[in-house]
Asks: 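Here it is, the structure, as structure tokens.
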Amino acid sequence: MLPLDPTTDDRLPTAPHPREASQVFGQDEAVTTFVKAFQSGRLHHAWILSGPQGVGKATFAYQAARFLLDPQRGDAFAVDPAHVSSRQILALSHPDLHVLRRKAENEKKPVPNEISVDLARD
């Protein structure tokens, strides 16, 4: 896999940014689990998305955000990319979406491998 700059991007150089993707591929089990949890009213407050680089973790996360933040969603995980909430997510301007990324404390320190508790609290 090609290296990413975790401070600026979640995309592989050969693929669209995960915010731009309108479908999640190869994650049918994860999608089904997520939608069933939502429909049952038992959606957990946090989900851990793990796996090797390039499998669609960020794409899944952005699609889940579209699904949860679209007030006119149906039962389908796919949401109309032309809907206002989808466009706001694409522009990172949705008032209920905050993207949390790893970042260095200053320019001289390397980007950490983890998101710190303090960063999450901020």
Side-chain angles (χ1 to χ4, degrees):
M1 291 284 169
L2 300 169
L4 297 177
D5 179 354
T7 63
T8 60
D9 216 349
D10 292 320
R11 94 174 105 190
L12 294 172
T14 57
H17 192 282
R19 277 192 323 269
E20 299 168 354
S22 60
Q23 293 180 330
V24 176
F25 295 101
Q27 301 297 332
D28 295 340
E29 185 178 346
V31 168
T32 300
T33 300
F34 187 86
V35 171
K36 282 184 179 179
F38 175 80
Q39 290 171 337
S40 72
R42 300 177 61 91
L43 188 64
H44 295 285
H45 74 283
W47 289 69
I48 296 174
L49 305 178
S50 65
Q53 181 180 350
V55 297
K57 299 177 297 291
T59 301
F60 180 92
Y62 281 111
Q63 191 64 24
R66 284 186 201 92
F67 174 78
L68 294 172
L69 296 172
D70 181 359
Q72 299 171 345
R73 76 182 157 275
D75 289 340
F77 194 64
V79 176
D80 180 6
H83 190 274
V84 66
S85 63
S86 292
R87 291 193 322 266
Q88 288 175 323
I89 289 169
L90 179 62
L92 290 177
S93 64
H94 194 289
D96 294 325
L97 176 70
H98 177 76
V99 178
L100 184 62
R101 294 179 191 263
R102 299 175 291 160
K103 68 179 184 179
E105 293 177 28
N106 61 54
E107 292 178 15
K108 295 179 182 179
K109 289 193 173 189
V111 176
N113 290 331
E114 302 169 347
I115 296 174
S116 70
V117 173
D118 291 333
L119 181 61
R121 286 181 181 142
D122 287 346

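In this text the structure is predicted, and so the values were computed from the model without any measurement.
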Asks: How far does NE2 of His17 sit from OG1 of Thr59, to the nearest 0.5 angstrom?
Replies: 9.0 Å
Asks: So if you build clusters from Ile, Leu, Val, Met, Phe, Trp, Tyr with side-chain heavy-atom gaps below 4.5 Å, do Val55 and Val24 land together?
Replies: no
Asks: Verify side-chain contact (heavy atoms from CB on, under 4.5 Å) between Tyr62 and Val99, making sure each step is shown before the conclusion.
Replies: CA-CA 9 Å; Tyr62 281 111; Val99 178; 3.7 Å; yes
Asks: Are Phe60 and Phe67 near enough that their ring centres are under 6.0 Å apart?
Replies: no
Asks: Within the side chain of Ser86, is there an N or O that forms a donor-acceptor pair under 3.5 Å with the backbone of Ala82?
Replies: no
Asks: Counting only heavy atoms not in Gln39, do more than 12 sit closer than 6.0 Å to its CD atom?
Replies: yes
Asks: Out of Val79, Leu69, Asp96, which one pairs with Ile89 under the side-chain contact (heavy atoms from CB on, under 4.5 Å) rule?
Replies: Leu69
Asks: Please check: side-chain N/O of Arg42 versus main-chain N/O of Ala37, any donor-acceptor pairing under 3.5 Å?
Replies: no
Asks: Is there a side-chain contact between Pro95 and Gln88 in this structure, where contact means two heavy atoms from C-beta onward sitting under 4.5 Å apart?
Replies: yes
Asks: Give, for atom OG1 of Thr33 and atom CG of Asp28, the distance between the pair rounded to the nearest 0.5 Å.
Replies: 10.5 Å
Asks: Are Phe38 and Leu49 co-members of a hydrophobic cluster defined by side-chain heavy atoms under 4.5 Å apart?
Replies: yes
Asks: For the atom pair CZ (Phe77) and CD (Gln27), what is the distance rounded to the nearest 0.5 Å?
Replies: 10.0 Å
Asks: Just by modelled atom types, is the Arg87 backbone N or O under 3.5 Å from a matching donor or acceptor in the Arg66 side chain?
Replies: no
Asks: Is there a chain of hydrophobic side chains (I, L, V, M, F, W, Y, each step under 4.5 Å between heavy atoms) that links Val84 to Leu97?
Replies: no
Asks: Without swapping roles, check the side chain of Lys57 against the backbone of Pro52 for a donor-acceptor pair under 3.5 Å.
Replies: yes
